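These numbers were taken from a predicted model, which means no experiment stands behind them.
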Amino acid sequence: MLAEFDLPKEIVDREVKKMTMISPTNKEVQIGQTLKDHEYIGMVRREVLDDFLRKRASENGAHLINGLFLGMQLPQKKGESYVLTYNDYNSAEGASRTGEKKTLEVDAVIGADGANSRVAKDIGAGDYEYAIAFQERMRIPDDKMEYYKDRAEMYVGEDVSPDFYAWVFPKCDHVAVGTGTVIDKKGIQKYQQGIRNRAAPRIAGGEVLRVEAHPIPEHPRPWRVKDRAALIGDAAGYVTKCSGEGIYFAAKSGRMCAERIVTNSEKGSRMIDEYDLKEYIREWDAKYGTTYLVLDLLQKVFYTTDAQRESFVELCEEEYVQTVTFDSYLYKTVQGNNPVGDLKLGWKTLTSLWKNNNKKPDAMRTLV
């Protein structure tokens, strides 16, 4: 994303070159030895990334409005404008700002307003299943922060999530400790306590700086385009299963949609229509549809029982798995390039699943 979107390296808090996968019995597998010297996973804070993107958009001619989108009136005739209603906070001051209600007429709408998208509601895009992601930003002692300076941890187990993973990710001067779930949203506090307990030896003495919770889409909405309105990012449901990543895909879908509007409107000289925007959907599905299907399958296979989670972590010891894993994070590709390697991995997956589902679980290990 840094290269593709010309982002300055200064916005990256941490360069993760090591990832520790931790099984339900605290078996640890270190992955990252397949990374090249220049490769890393960038950890950013959304408040930093978003601020940079907003300012750059403004510098390039976008008119920014600090406001709250309330809803929109759809065109009743061909060629009519969309009429957006919003509270404008640009001139408001103080903590109790109420804003000034205004309207804005536009030719096209790109709904980039997140998982609870009002644009999606207004165009009747349909609902989707979603996960709840919960995390605590935590400042930990310096010696413990040193361990996380270039390392991310992913924990799996029924105690930290019944269908996803929990994490400890490094930020600028603190760590983010969190978890997520689809099937037991009401139990999210219990699973957050679970990751606190599992990671306790490494985050002991931590001070909670901030608590965050967000809905995360589990699959694309039934409809992502209607007339001259289209959805991107979380509003469209573009979050990958298994990893839960959405930032790159939000940026990428926004760019693809905008470029399609620019091209098909002949740089604003003709009015686009629904067919023009559906070209963006077709391009998106052709490029990333397989990625979403594969990661959905992996989540269903490996995030179901603790025995299967043990197999998932075991398989992460394979160099081939590590290569494919980091390729999926860094380059958004999930398929291997080696048919022989794929066959060997398939066989090891089956034997590992059979073994772990037919033996007594190992004793719980102690994290050091």
Side-chain angles (χ1 to χ4, degrees), residues 1-2 7-53 133-157 159-161 164-180 188-214 243-248 313 316-317 322 325-326 329-330 364-368:
M1 184 171 180
L2 288 171
L7 301 176
K9 207 170 179 182
E10 293 73 42
I11 70 169
V12 177
D13 286 337
R14 298 279 175 172
E15 297 181 10
V16 169
K17 296 178 181 255
K18 303 170 186 173
M19 187 178 292
T20 304
M21 309 296 297
I22 303 175
S23 80
T25 60
N26 276 347
K27 176 180 179 177
E28 298 184 63
V29 171
Q30 311 298 334
I31 65 177
Q33 57 261 39
T34 61
L35 284 176
K36 300 178 179 67
D37 290 342
H38 69 281
E39 291 180 327
Y40 62 90
I41 297 174
M43 291 288 169
V44 301
R45 286 165 291 163
R46 285 297 301 274
E47 59 267 29
V48 174
L49 172 64
D50 294 357
D51 184 61
F52 171 81
L53 293 173
F134 185 99
Q135 73 174 14
E136 295 169 302
R137 303 257 198 111
M138 191 179 295
R139 180 170 289 122
I140 58 178
D142 290 345
D143 61 324
K144 290 181 166 57
M145 194 68 214
E146 178 67 16
Y147 171 77
Y148 287 110
K149 67 179 181 180
D150 59 354
R151 181 189 305 276
E153 288 184 328
M154 297 172 66
Y155 293 74
V156 290
D159 57 330
V160 298
S161 175
F164 201 54
Y165 66 87
W167 60 85
V168 180
F169 290 160
K171 299 295 182 180
C172 59
D173 59 355
H174 60 277
V175 292
V177 181
T179 185
I188 192 68
Q189 294 284 358
K190 174 180 68 177
Y191 301 121
Q192 181 65 15
Q193 187 59 50
I195 179 56
R196 274 172 156 265
N197 293 343
R198 286 274 295 281
R202 293 174 181 166
I203 62 172
E207 171 195 1
V208 176
L209 305 174
R210 182 172 172 180
V211 177
E212 301 167 321
H214 302 283
S243 67
E245 186 194 350
I247 294 177
Y248 172 81
V313 174
C316 287
E317 290 182 303
Q322 296 190 25
T325 297
F326 274 101
Y329 270 102
L330 299 176
M364 178 64 80
R365 300 164 177 83
T366 300
L367 293 181
V368 295

Side chain to side chain, [X] and [Y], heavy atoms closer than 4.5 Å:
X: Val29; Y: Ile22; result: no
X: Pro24; Y: Val156; result: yes
X: Phe134; Y: Ile188; result: yes
X: Arg198; Y: Val160; result: yes

Please find the pair of heavy atoms, one from [X] and one from [Y], that lie closest to each other, and give the distance.
X: Trp167; Y: Ala133; value: CH2-CB, 4.3 Å
X: Arg196; Y: Glu136; value: NE-OE1, 2.8 Å
X: Ala152; Y: Val16; value: N-CG1, 3.9 Å

Look at the side chain of [X] and the backbone N and O of [Y], then say whether any donor-acceptor pair between them is shorter than 3.5 Å.
X: Thr20; Y: Gln30; answer: no
X: Ser161; Y: Gly180; answer: yes
X: Gln322; Y: Cys316; answer: yes

Please round to the nearest 0.5 Å and tell me the distance separating atom [atom1] of [X] and atom [atom2] of [Y].
X: Glu153; Y: Ile203; atom1: CD; atom2: CD1; result: 9.5 Å
X: Leu49; Y: Ile247; atom1: CG; atom2: CD1; result: 6.5 Å
X: Thr179; Y: Tyr165; atom1: OG1; atom2: OH; result: 9.5 Å
X: Asp159; Y: Asn197; atom1: CG; atom2: CG; result: 8.0 Å
X: Met138; Y: Lys144; atom1: CE; atom2: NZ; result: 12.0 Å
X: Asp173; Y: Leu209; atom1: CG; atom2: CG; result: 7.5 Å

By side-chain hydrogen bond (donor to acceptor under 3.5 Å, both in side chains) - contacts of Lys36 (at least two apart) |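 Here no residue qualifies.
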
(message) So if I apply the salt bridge (charged side-chain N to carboxylate O under 4.0 Å, His left out) rule between Glu212 and each of Lys171, Arg45, Arg46, Arg137, which one comes out positive?
(response)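 That would be Arg137.
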
| Are Arg202 and Glu28 within salt-bridge range, i.e. N to O under 4.0 Å? |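 Looking at Glu28 together with Arg202, the answer is yes, because their closest N to O distance falls below 4.0 Å.
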
### Message
Quick test of your reading of the model: are Glu15 and Lys9 salt-bridged, counting only N-O distances below 4.0 Å?
### Response
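Yes, Glu15 and Lys9 are salt-bridged.
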
(Q) Here's a test for you: under side chain to side chain contact (heavy atoms under 4.5 Å, CB included), which of Val313, Leu367, Val177 qualifies with Tyr155? (A)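 Among Val313, Leu367, Val177, the one that satisfies the side chain to side chain contact (heavy atoms under 4.5 Å, CB included) with Tyr155 is Leu367.
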
Restricting to side chain to side chain contact (heavy atoms under 4.5 Å, CB included), what partner residues turn up for Lys149, sequence neighbours left out?
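Side chain to side chain contact (heavy atoms under 4.5 Å, CB included) list for Lys149, sorted by chain: Arg14, Glu146.
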
Would you indicate whether Asp143, at its atom CG, is surrounded by more than 12 heavy atoms from other residues, nucleotides or ligands within a distance under 6.0 Å?
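Count over threshold, so yes.
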
- Qualifying residues under salt bridge (charged side-chain N to carboxylate O under 4.0 Å, His left out), relative to Glu207, sequence neighbours excluded: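 Salt bridge (charged side-chain N to carboxylate O under 4.0 Å, His left out) check on Glu207 returns nothing, list empty.
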
